[in-house]
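Notes follow once the structure below has been shown.
The structure displayed is predicted, hence computed values, not measured ones. All values below were derived from every heavy atom in this structure, side-chain atoms included, with hydrogens, water molecules and symmetry-related copies excluded.
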Amino acid sequence: MLDLSGKTALVTGIANNRSIAWGIAQKLHQAGAKLGITYLPDDRDRNKGKVAELTEPLAPDFLLPCNVQDDAQVDDLFTAVAEKWEKIDILVHCLAFANKEDLSGSFTDISRAGFQLALDVSAYSLIHLCRAARPLMKNGGSVITLTYIGGVKVIPNYNVMGIAKAALEMNVRYLASDMGPDNIRVNGISSGTIRTLASSAIGDIHKMLHHYEESSPLRRLVTTEDVGNAAAFLGSDLSSAITGQIIYVDSGYEVMGV
């Protein structure tokens, strides 16, 4: 097993036990990393309670709110992190959102507001988090984000999220170049189709899962644990010369022509 003892990892995007971020957090914890967890705040703090209960076995050092559409809240998050930790070694960005109506139907029907929302939450947020985390990555570090094949190829009903993932993948490359002199590595994991709360909003998700399982070389779906294993590797010193890359964890689906 990888040894991440002594490393700190800030994990965003955990919503429930089907979240890819949850699979990543578990693997980082198993490898010995100290965890800090964020949650999306709501009026009644229901999300906080759910995430707190779910992550309790991982004994995170803190649980803090983070709505990436609120610049002040992002800045407050890292101010609080700096009070609790001397440094951040690993930043995990598992944040994406689009309106449900923009994940089915005709691509040309997407509204300006829906387009801007998807790009803001799903792509720009990585830039903001990196900017805020950079001063705390004093000894270098690893930034890991999640993308999907829909950012490079047309996937039915993925629509505006495909555009957001394409932007996210270019963010990975530009951020890797920009932050590399500080020994900060930035990589993306392109996960295979997984049934999560987010993916359930995509039209015909059941058909996508069935096709994926039948067509991928390994003839199986990917699990959050599979993605977590890759994230633990990217967060470790074993990946010390890997940056600006998109790593496919998809049972080989990306190599297939159909």
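V143 and M170 fall into different hydrophobic clusters, defined by Ile, Leu, Val, Met, Phe, Trp and Tyr side-chain heavy atoms under 4.5 Å apart, directly or through other members. The hydrophobic clustering, which links ILVMFWY residues whose side-chain heavy atoms are closer than 4.5 Å, places Y174 and V152 apart.
Residue S191 is tested with T147, T223, V227, I149 for a side chain to side chain contact (heavy atoms under 4.5 Å, CB included); the sole match is V227. With Y253 as reference, Y212 is the one residue of Y248, Y212, Y148 to meet the ring-ring contact (aromatic ring centres under 6.0 Å, His included) rule.
If you take CG on L58 and CG on L28, they are separated by 9.5 Å, rounding to the nearest 0.5 Å. Taking CD1 of I242 as the start and CD1 of I247 as the end, the distance is 5.5 Å to the nearest 0.5 Å. Note: S142 OG to L234 CG = 6.0 Å, rounded to the nearest 0.5 Å.
Looking at D89 and K87, a side-chain N of the basic residue comes within less than 4.0 Å of a carboxylate O on the acidic one, giving a salt bridge. For D237 and K7, the salt-bridge test passes: some basic side-chain N is under 4.0 Å from an acidic carboxylate O.
N16 and W22 are not linked by any side-chain donor-acceptor pair at a separation below 3.5 angstrom, with hydrogens and angles left out of the test.
More than 12 heavy atoms of other residues, nucleotides or ligands sit less than 6.0 Å from atom CZ of F107. Shown here is K48, whose NZ atom has no more than 12 heavy atoms of other residues, nucleotides or ligands within 6.0 Å.
Residues V249 and D226 have side chains in contact (heavy-atom distance under 4.5 Å, counting atoms from C-beta outward).
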